[in-house]
Amino acid sequence: MANHNTGPGLQAGGMTIYYFQPGPPTKDLSVTAFAPGFRMIVGHPLRRADDIPDTSPEYRQTSYRCFEDDDPLANAVPGYPGDTFHLPNKFCTHGIRSNIYFPQCWDGVNLDSPDHASHVAFPGDTSSTGLHIFGTDCPATHPVRLPLLFIEIIWDTRPFSDPELWPTDGTQPFVFSMGDPTGFGQHADYLFGWEGDSLQRAMEVCTSGDGVPWSCPVLTTQDMDTMNNCRQANKISEVVEDQYIERLPGCNPVQDGPVSATQAPDDCGAKTTWLTAAPTPTAAPAVVTPPYTVCWDEKSPTTWGALVPKCNSKPTKANSGPGPAVTAPPL
């Protein structure tokens, strides 16, 4: 469902993607946009145990926030006390949010690596203040500072807040499609696809930090309806949503660990043929109304400060003209 502070209007789906610039006390505040062909992964789909030391920056790369009524953690730094590395084992009356940080330090050479991760790294600070995410320096092995890519996904778990649907052994009922009932296997892939030097321009010009896209004068923005209706057709003829299914997509077995999961065999009968003429969706996308506001009416109290877009604000077109001089991303 729609994330906090993403209005006006309700987004279809609950994913929000942030691109942060480095801030003090980082010594070098320059940031280099991703280059064409760049890709990376964070987390591991086969992980089924809490096996990362809590002093490592990687420990906070993927986490969950359980939103409850009048939640005091609503605006806290993601990945810190109150959030969990595993799927929450209690009712979350306002849904569950995935918090996913990508590494923001690059070796400056390789657009990818065999494991899709070795060419990037997290800053090395292990403090508990959040600085290793927002304000520390890159290691010498990966000296190029990238935008800090951060993803939030709101899962609408409210329909399942019924004790009859929950196990009686203290665990929780949700399972990721790769067969993970623990949440330790949460992961995300990134493939750069911005047009031209648009991301570099945004990183150098749009520094207000208010999270409102149309506050960035060098980007073209669109209204909520246009965004919601920009959709891809399903590529495989397989039922994966809106109803109960007999098995997980791709024959993925449910594996609860603590040993690492194994991949399903290639000959399990899963559908692998792409549709060659899949119809473009024409029906209006399903929009779920969240139990919180997504914009500010300038009257109600808010604890989100400058991060809340006003309900009467509207997207604007990018400034005309050549824009500021920028450094091209490396080839």
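Heavy atoms only: backbone and side chains are in, while hydrogens, waters and symmetry mates are out.
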Check whether [X] reaches the backbone of [Y] with its side chain - one donor and one acceptor, N or O, closer than 3.5 Å.
| X | Y | result |
| --- | --- | --- |
| Gln11 | Asn3 | yes |
| Asp197 | Gln200 | no |
| His142 | Ser118 | yes |
| Asp256 | Pro181 | no |
| Gln255 | Met178 | no |
| Asn228 | Leu10 | yes |
| Tyr64 | Gly183 | yes |
| Trp106 | Asn110 | yes |
| Gln21 | Met203 | yes |
| Asn252 | Gly179 | no |

Rounded at 0.5 Å granularity, tell me how far [atom1] in [X] sits from [atom2] in [Y].
| X | Y | atom1 | atom2 | result |
| --- | --- | --- | --- | --- |
| Arg158 | His94 | CZ | NE2 | 8.0 Å |
| Tyr18 | Tyr101 | OH | OH | 10.0 Å |
| Thr16 | His4 | OG1 | NE2 | 10.0 Å |

Evaluation steps, side-chain contact (heavy atoms from CB on, under 4.5 Å), between Arg60 and Phe122: CA-CA 11 Å; Arg60 308 189 191 281; Phe122 286 94; over 6 Å; no

Min side-chain heavy-atom separation Asp83-Pro78 under 4.5 Å: yes

Tyr190 and Phe34 aromatic ring geometry - parallel, tilted or perpendicular at 30°/60° bounds: tilted

Parallel, tilted or perpendicular: rings of Phe91 and Trp166 (30°, 60°): perpendicular

Residues forming a ring-ring contact (aromatic ring centres under 6.0 Å, His included) with Trp155, sequence neighbours excluded: none

Heavy-atom neighbours of Lys90 NZ exceed 12 at 6.0 Å: no

CD (Gln263) with more than 12 external heavy atoms under 6.0 Å: no

Within the 6.0 Å centroid threshold, strictly below: Phe38 and Phe192: no

Pairing residues for Ser237 by the side chain to side chain donor-acceptor pair (under 3.5 Å) criterion, not counting sequence neighbours: none

